[in-house]
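Report on one structure; see the data block that follows.
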4 protein chains.
Amino acid sequence: MTETYQSALIVGAGSGLSASVARAFAKAGMKIALAARTVDKLGPLAKETNAQIYACDASQRADVDKLFAALDGAGAPDVVVYNASYRTRGPFLDLDPAEVEKAIIVSGFAGFLVAQAAVKRMLPRGRGAMLFTGASASIKGYAQSAPFAMGKFALRGLAQSMARELGPQGIHVAHFVIDGGIRSANRPVPADKPDSLLDPDAIAQTYLHILQQSRSAWTHEIELRPWVEKF
Amino acid sequence: MTETYQSALIVGAGSGLSASVARAFAKAGMKIALAARTVDKLGPLAKETNAQIYACDASQRADVDKLFAALDGAGAPDVVVYNASYRTRGPFLDLDPAEVEKAIIVSGFAGFLVAQAAVKRMLPRGRGAMLFTGASASIKGYAQSAPFAMGKFALRGLAQSMARELGPQGIHVAHFVIDGGIRSANRPVPADKPDSLLDPDAIAQTYLHILQQSRSAWTHEIELRPWVEKF
Amino acid sequence: MTETYQSALIVGAGSGLSASVARAFAKAGMKIALAARTVDKLGPLAKETNAQIYACDASQRADVDKLFAALDGAGAPDVVVYNASYRTRGPFLDLDPAEVEKAIIVSGFAGFLVAQAAVKRMLPRGRGAMLFTGASASIKGYAQSAPFAMGKFALRGLAQSMARELGPQGIHVAHFVIDGGIRSANRPVPADKPDSLLDPDAIAQTYLHILQQSRSAWTHEIELRPWVEKF
Amino acid sequence: MTETYQSALIVGAGSGLSASVARAFAKAGMKIALAARTVDKLGPLAKETNAQIYACDASQRADVDKLFAALDGAGAPDVVVYNASYRTRGPFLDLDPAEVEKAIIVSGFAGFLVAQAAVKRMLPRGRGAMLFTGASASIKGYAQSAPFAMGKFALRGLAQSMARELGPQGIHVAHFVIDGGIRSANRPVPADKPDSLLDPDAIAQTYLHILQQSRSAWTHEIELRPWVEKF
């Protein structure tokens, strides 16, 4: 049995990866909803993917509740991608505690808020997929980058707990370890190092594949990195 | 850039998973070669996938050399799947050292022999894919199962070393952690536990996807397990 | 060179493990400071270990600042043990978001607050030790226990980042994976399963050993579990 | 209950680490047996630690059987340290298969042979300790170093399987991840980088500590690295 999902919500929709995921999922026939704290620039993507736009600070429970209540009208999404994060970095003693807390809350706790609201709609149907975007920092705490590690480690802990509990209830929980930089307009691939940054469209193809897996052979964790990336 | 490979060699071709991989790869247009220690029963699969059959004990260097020399004539494979293994189990004190050695050699060392011969042909072209089939035992040593753990851990060490060295030279090295039992004629899925064993065709779809990844976003390691599997 | 530290601060001092650590460190000649949110019951331990008591909610930056300011008078500690945590558990949909946030903040973020204040005093001297108490949940997210996993994963990410950055500056950062239940008055060891719960005094001996390691052979991560514990 | 062991066998006794372990264990009151493939240079150490010397190629079952038979007379060791390994390295295509096999056999399979013979003597008494020396390569396969990774990964798989099976039967199985170079006469510590190589005497102190742990709080895996080591 290959899963066929109908609609997907992408949280943290402002990133290049989210745009690629939205396009890939739309092309595969899914109805798309885009949520982000700042929605100003989402217009073109929404138009391209025929998506609805929702303003939502995922770290605020009320916002998350409002988002899902709004979605309920049109039918709750059976796929939710959590792709928001916040990071701050620098020498350990220079880190601003308020920023550290924000990194943990946005990268970790907000993922819980979104996941809980999403699963609430999925469980009664006995199916759904919850995808979490991780990073190298999900499995390795780098120097001068404790806040991002704390947030991403927390998100991975969440994903594992959910997979163990909710997998047997029909919810496919997957955690993607994106190990390397993602190319973007601001971060082009060096001409002399072809494919040395992750192409977000390529990542999106793997997100789509994971979604299409039969439940007899689900992936919980998968890593993705450019061919030349050190690891 | 999505990789398109032309031909695949599957070593350890006698298993149900290998059969599914052969079918999926053939359907995707690849020319298939099947290698196994015992080739008696490979006829139907070879016919179905239009494959050549090669007898080869992958733990014997001479056999592996002969296999690749034979393949060279028709064009060396740009994809090689190492799917052979041997296991023995039981209380630690009851393990027969000769059997333990065989488990390590077949599950681990033979993978090296095949990989080295394969990569020798891939490197000059700057591309190719080497896929290794792992198991739960690749990352966790279970009680009464040291031999399988030793072989599968070794294979994972090989895969990691190869990925770090050969990825930047264009060789996609991937390691699949198959976590759970694979259904087969001898091991049917219990009627009251649907999809509780891995469907080899479902696994094969993910092998195929990994092969199709752009080199900007390659997966080195991925896990696959049934939705209800404890982990 | 074996490190000899003079004074230790134990945060989360109310637990049985903290009491054992305080006793072991005091016996080894260290001056002890005990910090906890609730200090009512710390009297006997303080007396026994000749320790000072400090009330401190480690999740509150102002409290942490006040704690370390108070300690500065008598000489900042060169060893700090972060042993506070908060957990809530239950079916995923029943988890109270406020409780989840508290688990992440107390088990994770508060560890950062304490560590930053501690390291601020250690770095100028080029030496010091920061010990973090982890759990099985630090490396494995269990069903119905996402909040604890999120907090403990985050703490591990913090510990790794700190070790990579601060180790080369003389700060020994160690993370203890306590895998199993700790025996206590409320949780006695079953008579028919001797030593099946971790003896906090035994754990403390290993904390002390890690503190005494030469910097040429420091342990960052170590696991401890009862002989009969499944893992 | 702190374990007190009486006698220790060190296999792979020719290394600097083995010498330090022998000295530390002898000083702690244990009777020492030294085994190595080449015993020519073990005289001074044997004299210093009042040890017996045994010639043994641990990769040969007959040799291992003979070694333990010889030990049986004087009382089988209740502690066995497996510290032998063999490595070869270089570009993947240049690796000599015979050398690769030797690396796997000596670093991995021989560990099994020694462990099985050792445990055979320990199980009837319900106690004993089996210590395995790992390396960075036990958990990470480095480029140009597949053979060592294969051997050390295999050894780790063995250690985990043994721990899960034999821990509950009273055998303490510990795996030490030595992450960094060990200083020796041939590899002195650079004057401008103090303590940048592991001091084998420092490592030995931790081996001794692990041996002294109460079975209520046993360590299975522990990592050791110099303070300035990148990881």
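Proteins get letters first, then strands, A, B, ... in listed order; numbering begins at 1 in each. No experiment lies behind these values; they were computed from the predicted model shown.
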Practice item. Mind checking the CG-NE2 spacing from D:Leu208 to C:His209? Nearest 0.5 Å is all I need. Key: 8.5 Å

Exercise for review: Quick one: pull up CD in D:Gln205 and CD in C:Gln212 and give me the separation to the nearest 0.5 Å.
Suggested key: 9.5 Å

Check your understanding: Say you draw a straight line from CG of D:Leu166 to CH2 of C:Trp227; how long is it, rounded to the nearest 0.5 Å?
Key -> 12.0 Å

Check your understanding: Between D:Leu224 and C:Gln213, which heavy-atom pair has the shortest distance, and what is it?
Key -> CD2-NE2, 3.3 Å

Point to revise | Exercise: identify the closest heavy-atom pair between D:Phe231 and C:Ala163 | key: CZ-CB, 3.9 Å

Review point. Please walk me through it: do D:Ile222 and C:Glu223 pass side chain to side chain contact (heavy atoms under 4.5 Å, CB included)?
Key: CA-CA 7 Å; D:Ile222 177 173; C:Glu223 50 182 30; over 6 Å; no

Check your understanding: Among D:Arg225, D:Lys230, D:Arg183, which residue forms the greatest number of heavy-atom pairs with chain C at distances under 4.5 Å?
Key -> D:Arg225

Check your understanding: Which of these, D:Asp195, D:Asp199, D:Val228, sits in a side chain to side chain contact (heavy atoms under 4.5 Å, CB included) with C:Arg215?
Key -> D:Asp195

Check your understanding: Relative to chain D, which of C:His220, C:Gln169, C:Glu229, C:Gln160 shows the most heavy atom pairs under 4.5 Å?
Key -> C:His220

Check your understanding: Which region of D:Leu198, side chain (C-beta onward) or backbone (N, CA, C, O), has a non-hydrogen atom less than 4.5 Å from a non-hydrogen atom of chain C, or is it both or neither?
Key -> both

Exercise for review: Kindly check if the number of other-residue, nucleotide or ligand heavy atoms within 6.0 Å of CZ (C:Arg87) is above 12?
Suggested key: no

**Study point:** Contacting region of C:Ile203 [heavy-atom separation from chain D under 4.5 Å]
**Key:** both

